[in-house]
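Please read all numbers here as calculations on a predicted model, not as lab measurements. Proteins get letters first, then strands, A, B, ... in listed order; numbering begins at 1 in each.
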Amino acid sequence: MFRNIFQSVLLRIEKAGLVVFLLALMLLLAGCAGRDNSTVLPVQDTFHTGTEGIMIGFLESSPPSELLAPASSGSGYPFKVALRVQNKGAFDVSDGVVAVNVEQDYMSLDSSRKAFSLLGRSFATPVGEEELVIFSGYTRQFRESQAESHDSVVVASSCYKYRTELKSDVCIVSDAFGVSRGPSSCAAKDISSSGQGAPVAVTKVVTKFFPVGAGRDVSSVKPVFELHLKNGGDGRVVSPGADVSSLCSSGPVSAGDSGKVWGYVSVSARLSGARLSCPSVPVRLPPEGAVVRCSLEEPLEAGASYVAPLIVEVDYGYISTVSKQVRILREG
Amino acid sequence: MRVDLLFLVALLVVLAGCSGGSSDPGAGGDKFKSGTKGLGLAFMPGVPPDRFLGEGRFGVAVQVRNLGTSDIEQGQGTVFISGFDPGIITGMETSADVGRLSGRSSFTPEGELNVVEFEGVVSLQEGVDAYRPVLLATACYSYQTWAVPVVCVDSDSSSTGQEVCSSKDVSLSGGQGAPVAVTKVQLSPSSEKLRFVIDVSNVGGGAVFSEQAMERCSPYSEGLSFRDIDLVRLESVEVAGRDITGSCKPLTDGHIKLINGKRSIFCELGVEDLGERPAFNSPMNVRLKYGYRDSVQKKVELVRAP
C-alpha cells in the first residue's frame, strides 16, 4: 500500500515539476528577448578624431588622361574637370572655395573658382557632407608645330576656414606642492591625442599648477595649459584672418588685420566655461609644430580636486591641393 | 487518492521543519568585537544615476553604516562630497554630519545605518556636451579600538613548578571591530619586569590620523600633513588591574606613530607589584583612539539632452 502511495506521489511530483520547468523556461525566454535600444543615446564622440578636413579628388575621367587639341585655329574640344569635395572633418565649412588651374596656353576654363559649403561629421552627418564640383573647359589650338602631344597638369585647390576643437576633461589639483595627504577623485595627467577631426591637431595638453599665496599658506592655484599643436594634414596653414577667396586665386593674398599669412593659427580656450588667457595674436605654426600656453586669469581657490571640462579652439585657413597629369594630343 | 496527497503534504511539512532555522543570536558582546572596519560607505544605487541626461536637480545619497563596535556620537563623523566642478553642479552642500551611529551589538547586529543626502543643480556650460566627473564621498570620523587579549601574568618566570599558564605570545586575528587593531601581544618576562610588546596595525584600508587634526581631514581643507597621519593615541593599557600606560614607549605626545601602517610599543609591569603569587591569566585592556578617513568613488556621466 505504501509502495502504491509512494509511486503515486512520485508521479504527481513529476507532473508538477514539468509544469514548473515550463514556466521557468517561458520566463527565461521572455527575459532574454531583445530590448529596444532605440532610446539609448550614443556616448562616445567619434567625430572629433583624425586629421582630415576638406578632401578633394578628381573623378576618374574628368578630366580624362588624354585631351584632343585642334591643329588650327577654331573651337577647341570640350572637357570637364569634376571634383569630389568631401568634408571629412568635424567642422562645418560655409565659405570654402575650390579653384582649378590649367596651362592657359593649351586649355581654358569657363570658370576657375567655385564656392562650396559642407557640413562636417556629426551625429546628424556621420560621414560628413560631400558634393561634386564641375568645371567646364576646352582645349586651345595646339601651339607646337612639330610635337604630336604635350604633357600638362591640371591642379585643383580647396581653400577654406577651419577650426580644430578639443574637448577634454582635466583634473584640477589644488595641492600644488604635493605634500597634502588627501583623497583625490582624479590625478593630473597630460592629454594626448592624434587628432580632433581637423588638419591642425592638438597633439598634447600638459597641465601645470602654480601656487598662489604667501609662504606655506597656499590659498589658490593658477592652472597653466601647454598646448602642443601640429599640422597633421597634407596642406598648408594660413592665418584665420586671411581672405579665403584670395587664397585660391593667383593674385596676392590679403592677410587681414594681423599682417601675417602663411602658417599662422589663432588659439582660444575655456576651462569650466571661463575663458583662458591665450596669445591674443595669431601664433606661428611651423612644420615641426608649436607650443602655446594658456592660463586662467583668476586663480582657483585651493580645495578638493575635481574634473573640469577644457575646450580648446584653434582657428585657421587651410589650402590643400591635388593634381592630375593630362596629355594633350594634336589633332590630325 | 487523498492518502497520497496527505502523504505529500506531510512530507513537505517535515522538510520545512528540517530546514535551517534562525540561529541563536548568542549571548552578544564578544562576537561583535571582530572585524576591521569602522564606518562603511556606499553610494545609494541610482542616486546619482550612472548617466544623467539634461540639466536640473541632481541628487547624491550616501549610505553610512557603523560596521565596527565603537559608537559614533553626533558631530564625531562627517561625510564630504567632492570631485565635481562647482560651476557645473551648482549649489550642492559639500558636507553632512553622519549623526549618531551605534556600533554593532546584540541590539544592532549589523551596525546602525544612516543615509546622508546632497542636492545640486546641473548646468552644462556652452560647448560642453558631456561631463564625466568622479564623485568622491569621504568619511572623516573619530573612533576607538578596545582590545582585550588574555595574557599570562607570571611573577616568577624562573619557577619550574606546574603553572596554570605560561608566558607565550598572543595573536589576535580578525580585528576588534575597528579599523585599527591590536594584532599581537608578545610577552617577555624577566626577573624584575614583565615586558609586553603590543603590535598595532591599521587594518581598515583607510587613513588613520590624530584626532586633533580632524579639521584637516576634509578634502576641502589644506589636507592632512605628514605630522597628522598615522598617529594613534594610546588611551590606556591595563593588565592585572594595573594601569601601565605610563611605561609604554615609544610614544609621541601620547601617540603611537605607525610606520607603513604598523608599529610595536613596549609596556612594562613591575613584578614587585604582583607580589608572590602563581601565574594567572589576566585580560589586558588596550584602548586606542584616533581619527579615520575612508572614501568611495562613483563615476557619473552628465550628458546634454539632444
Side-chain angles (χ1 to χ4, degrees), chain A residues 1-2 4-13 16 39-45 47-48 122-124 165 167-172 174-175 177-187 213 216-219 269-274 300-313, chain B residues 1 3-8 11 51 53 80-89 94 123-140 206-207 209 216-226 228-230 293-306:
Chain A
M1 172 188 162
F2 285 109
N4 289 337
I5 294 170
F6 189 65
Q7 283 177 341
S8 175
V9 167
L10 277 179
L11 189 63
R12 283 178 187 271
I13 289 172
T39 56
V40 175
L41 295 173
V43 177
Q44 292 283 68
D45 174 3
F47 311 114
H48 285 83
S122 67
F123 291 110
E165 192 173 54
K167 292 182 181 180
S168 186
D169 292 333
V170 294
C171 183
I172 303 298
S174 58
D175 178 22
F177 297 124
V179 295
S180 169
R181 288 293 174 264
S184 179
S185 62
C186 59
R216 289 188 62 217
D217 190 18
V218 175
S219 57
R270 282 172 284 159
L271 178 71
S272 297
L300 295 170
E301 262 191 49
S305 58
Y306 61 93
V307 168
L310 173 71
I311 299 176
V312 177
E313 292 171 346
Chain B
M1 290 281 268
V3 174
D4 53 4
L5 271 174
L6 280 172
F7 179 81
L8 181 63
L11 187 64
R51 201 161 182 230
L53 189 63
F80 299 90
I81 281 288
S82 61
F84 60 92
D85 186 338
I88 293 181
I89 304 177
T94 55
S123 175
L124 290 172
Q125 294 132 355
E126 185 190 335
V128 177
D129 300 319
Y131 174 56
R132 299 177 182 89
V134 178
L135 297 182
L136 188 72
T138 304
C140 297
F209 56 92
R216 291 191 286 280
C217 173
S218 162
Y220 291 95
S221 69
E222 65 201 74
L224 296 167
S225 69
F226 284 106
D228 298 325
I229 59 168
D230 290 334
R293 181 181 66 202
D294 211 347
S295 55
V296 290
Q297 294 185 344
K298 176 163 184 169
K299 289 184 184 176
V300 179
E301 186 179 32
L302 311 180
V303 181
R304 185 183 296 277

What one should report as the nearest heavy-atom pair of Glu126(B) and Arg270(A) is O-NH1, 3.1 Å
Here the pair of heavy atoms bringing Gly83(B) nearest to Ser185(A) is CA-OG, 3.2 Å
Taking every heavy atom of Asp85(B) against every heavy atom of Tyr306(A), the minimum-distance pair comes out as CA-CD1, 3.5 Å
Of all heavy-atom pairs linking Gln125(B) and Pro309(A), the shortest is OE1-CG, 3.7 Å
One should read off an interatomic distance between Ser305(A) OG and Tyr220(B) OH, to the nearest 0.5 angstrom, of 9.0 Å
Distance col, row Lys299(B):NZ vs Cys186(A):SG, nearest 0.5 angstrom, shows 12.0 Å
Answer yes or no: is there a side-chain heavy-atom contact under 4.5 Å between Arg132(B) and Val307(A)?
no
Whatever's closer than 4.5 Å to a heavy atom in chain B on Ser272(A) counts as both
Taking every heavy atom of Asp129(B) against every heavy atom of Lys167(A), the minimum-distance pair comes out as OD2-NZ, 2.9 Å
